[in-house]
Amino acid sequence: MDDLERLAWEMPPVYHRVFYWLRQNMTREEKLVPVNRGVGVWLTSCMLLTSYDTIARGVSYYERGIEHVPSKKTIGSVLSWLQRNGVINYVSNSSGTTITVHVSDTVET
């Protein structure tokens, strides 16, 4: 297990869930993603265009039949922690949140 994964495992479970979700949903090849008003954003390998709400719904879980969805504030805190530790780089704007994952072993061939 590398240092980045070890850092995520030492934190509460939501940190690992977000880290894993980002690794699974990042792009693996260059592509154009359409956004508002006919404008598009080019994403290269290891990038993702999403929103806090999409991440929160992606890492939600059920406990005793009740769905638990992290708040957008919690997702923002997790992304900030991941950025401070050099795992990701993210920028939020009106088009969404663009995230670059800095893990070299995530791209599978």
For the side chain to side chain contact (heavy atoms under 4.5 Å, CB included) test, which of I99, N25, T74 pairs with I55? I99
From the options V87, V59, V78, L82, select the one residue that forms a side chain to side chain contact (heavy atoms under 4.5 Å, CB included) with L22. L82
Over 12 foreign heavy atoms within 6.0 Å of CD, E67: yes
So Y61 and P13, do their side chains get closer than 4.5 Å, heavy atoms only? no
Is there a side-chain contact between Q83 and N89, using heavy atoms and a 4.5 Å cut-off? yes
Report the residues that fulfil side-chain hydrogen bond (donor to acceptor under 3.5 Å, both in side chains) with S77, sequence neighbours left out, ordered by chain and then residue number. none
Report the distance from atom CD1 of I75 to atom CZ of R17, rounding to the nearest 0.5 Å. 10.0 Å
Would you call the rings of H16 and F19 parallel, tilted or perpendicular, taking 30° and 60° as the class edges? tilted
For the residue pair W81 and Y15, does the interplanar ring angle fall in the parallel (under 30°), tilted (30 to 60°) or perpendicular (over 60°) class? perpendicular
Where is the tightest heavy-atom contact between [X] and [Y], given as atom of each residue plus distance?
X: G76; Y: Y52; value: CA-CE2, 3.7 Å
X: P70; Y: A56; value: O-CB, 3.3 Å
X: K31; Y: T27; value: CE-CG2, 3.3 Å
X: R57; Y: V69; value: N-CG1, 4.3 Å

Residues S80 and Y90: side-chain donor-acceptor under 3.5 angstrom: yes
Decide whether T97 and T50 meet the rule of one side-chain donor and one side-chain acceptor closer than 3.5 Å. no
Would you say R28's side chain and M26's backbone share a donor-acceptor pair under 3.5 angstrom? yes
